[in-house]
Protein chains: 2
Amino acid sequence: MNDSTPIKRTRRRADKTGCAVEATLSVIGGIWKPVILFHLLEGKLRFNALCRLVPAATPRMMTLQLRELEADGVINRIVYPEVPPKVEYELTASGVSLAPVLIAMRDWGERLQRNDESCQPD
Amino acid sequence: MNDSTPIKRTRRRADKTGCAVEATLSVIGGIWKPVILFHLLEGKLRFNALCRLVPAATPRMMTLQLRELEADGVINRIVYPEVPPKVEYELTASGVSLAPVLIAMRDWGERLQRNDESCQPD
DNA sequence: CGGTATCCATATCGATACTG
DNA sequence: CAGTATCGATATGGATACCG
């Protein structure tokens, strides 16, 4: 099943054409990115923990998304030099500042889910 | 029908795994969708007007995205039966309720742009 | 544990041309 | 004006296997 993102990395153009929205999309515009960030709002998470929280994203995708988020400065990758390996991901200050966006998305999604439920009981 | 049956619907499950965020993404999770919706916050817009506001999106993509947004009930497509053809798009109540998300995205994007600016003066 | 590399099917999207 | 059709290039993302 493919239910991944049609989204590719939006350009960083998001220029003065008036769309600051595009700028934001260039950072969180991958399907799993907002979800990942949302989970990280609650605190640091290890790679596998994230994979478990977003089962539809393969480890490969998780890595790719994580790398991009890191490159965009919204998350930190913390490597603990020990055996067995331990890596944690956490939001940077910039990432934390995305909270309003993520919370708004969650809120809206919750209402959507309620509607879907009443239409398609599962 | 290769391309006309496009854009895999991002999973509507957004289930109880805790990710209402995914549910939202299933609706606005197309690159141009948030941008389109954002512009529509200011009022109805005609097809070409939207194309002009989002130059990077080809008419083809614009149509595709618009159709999905319509199918997801966040915009209305109003056809005026006249010559020359006139079609307007407007947010539905559901679409309007996305405002907090869109505004949050714009706000965050504006700050990002300021940062980018200070790094890459144009 | 936390990845990475490769293969490969498919989806996505731009360009172009055409229509009612 | 507001699209649609078709072609083809490219990217996306799953599966699998393997490594430090």
Side-chain angles (χ1 to χ4, degrees), chain A residues 1-13 22 25-26 28-36 39-40 44-71 75-90, chain B residues 1-11 13 22 25-26 28-33 35-36 39-40 44-71 75-90:
Chain A
M1 286 312 192
N2 41 19
D3 39 17
S4 341
T5 318
I7 298 190
K8 53 190 199 179
R9 201 147 179 73
T10 344
R11 299 297 243 300
R12 227 342 144 43
R13 21 222 293 213
E22 294 182 27
L25 256 355
S26 73
I28 64 169
I31 298 254
W32 306 119
K33 291 183 186 176
V35 184
I36 292 170
H39 286 304
L40 288 174
K44 296 179 191 170
L45 285 172
R46 302 181 64 168
F47 184 82
N48 279 350
L50 280 169
C51 286
R52 241 172 287 122
L53 287 168
V54 193
T58 58
R60 196 181 100 97
M61 285 316 300
M62 186 59 74
T63 301
L64 292 174
Q65 304 277 292
L66 250 15
R67 291 278 188 271
E68 291 196 351
L69 289 170
E70 191 188 359
I75 66 172
N76 281 324
R77 180 167 178 268
I78 310 165
V79 182
Y80 297 87
E82 54 184 53
V83 177
K86 179 179 174 183
V87 177
E88 287 187 327
Y89 294 90
E90 66 173 4
Chain B
M1 284 292 245
N2 301 326
D3 222 11
S4 325
T5 340
I7 313 242
K8 46 194 165 183
R9 201 117 277 304
T10 344
R11 43 142 53 158
R13 345 180 351 195
E22 294 181 27
L25 256 353
S26 74
I28 64 169
I31 338 182
W32 306 120
K33 290 183 186 176
V35 186
I36 291 170
H39 287 304
L40 288 175
K44 297 178 189 171
L45 284 172
R46 301 182 62 168
F47 184 81
N48 279 351
L50 279 168
C51 286
R52 240 171 289 122
L53 287 168
V54 193
T58 59
R60 197 181 99 97
M61 284 317 299
M62 186 58 74
T63 301
L64 258 25
Q65 303 277 293
L66 249 15
R67 291 277 188 275
E68 292 198 351
L69 289 171
E70 191 189 359
I75 66 172
N76 281 324
R77 180 169 178 265
I78 311 166
V79 182
Y80 297 87
E82 55 184 52
V83 177
K86 178 178 173 183
V87 177
E88 286 187 326
Y89 294 90
E90 68 174 2

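All chains are named by letter (A, B, ...) in the order of the sequence lines, taking the proteins before the strands, and each is independently numbered beginning at 1.
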Trainee: When you check the phosphate oxygens OP1 and OP2 of D:dG13, does a side-chain N or O of A:Thr58 lie under 4.0 Å from one of them?
Mentor: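 No, no such contact exists.
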Trainee: Closest heavy-atom contact between B:Met62 and B:Ile36?
Mentor: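 Of all heavy-atom pairs spanning B:Met62 and B:Ile36, the closest is SD-CD1, 3.6 Å.
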Trainee: In whole Å, what is the span from the CG atom of A:Leu50 to the P atom of C:dC1?
Mentor: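 After rounding, the gap between these two atoms is 14 Å.
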Trainee: Take atom CD of A:Gln65 and atom P of D:dA11, then tell me their distance rounded to the nearest Å.
Mentor: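 For the pair A:Gln65 CD and D:dA11 P, the rounded distance is 16 Å.
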Trainee: Just how far, in rounded Å, is C1' of D:dA11 from CD1 of B:Ile31?
Mentor: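 After rounding, the gap between these two atoms is 11 Å.
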Trainee: Using 0.5 Å steps for rounding, measure from the CD atom of B:Glu68 to the CD1 atom of B:Ile75.
Mentor: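 The distance works out to 10.5 Å.
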Trainee: As an exercise, state the distance from CD of A:Glu88 to CG of A:Asn76, rounded to the nearest 0.5 Å.
Mentor: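 Nearest 0.5 Å value for the CD-CG distance: 11.5 Å.
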Trainee: Report the distance from atom CG of B:Leu45 to atom P of D:dA2, rounded to the nearest whole Å.
Mentor: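 Result: 11 Å.
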Trainee: What pair of heavy atoms forms the shortest contact from A:Pro59 to A:Cys51, and how long is it?
Mentor: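 In this case the closest contact between A:Pro59 and A:Cys51 is CA-SG, 4.2 Å.
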Trainee: Which angle, to the nearest 10 degrees, lies between the helix axes at the two ends of the helix from C:dC1-D:dG20 to C:dG20-D:dC1, each defined by five pairs?
Mentor: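 For the helix from C:dC1-D:dG20 to C:dG20-D:dC1, the axes at either end differ by 60°.
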Trainee: Can you check whether B:Leu40 reaches B:Leu69 side chain to side chain, under 4.5 Å on heavy atoms?
Mentor: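 No, side chains not in contact.
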Trainee: Checking A:Arg77 now: which residues fulfil side-chain hydrogen bond (donor to acceptor under 3.5 Å, both in side chains) with it, not counting sequence neighbours?
Mentor: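 Scan of A:Arg77 (side-chain hydrogen bond (donor to acceptor under 3.5 Å, both in side chains), adjacent residues dropped) gives A:Tyr89.
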Trainee: Send over the distance from B:Arg52 CZ to D:dG3 P, rounded to a whole Å.
Mentor: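 Result: 13 Å.
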Trainee: Rounded at 0.5 Å granularity, tell me how far CD1 in A:Ile28 sits from CD in A:Gln65.
Mentor: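 Atom-to-atom, A:Ile28:CD1 and A:Gln65:CD are 12.0 Å apart.
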Trainee: May I have the distance from B:Met61 (atom CE) to C:dT16 (atom C1'), rounded to whole angstrom?
Mentor: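 So the two atoms are 16 Å apart, to the nearest Å.
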Trainee: Base contacts versus sugar-phosphate-only contacts with protein, heavy atoms under 4.0 Å: please encode nucleotides 2-9 of chain C as B, S and - from 5' to 3'.
Mentor: SSB-B---
Trainee: Answer yes or no: is there a side-chain heavy-atom contact under 4.5 Å between B:Leu25 and A:Trp32?
Mentor: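 A side-chain contact is absent here, since even the closest heavy-atom pair is not under 4.5 Å.
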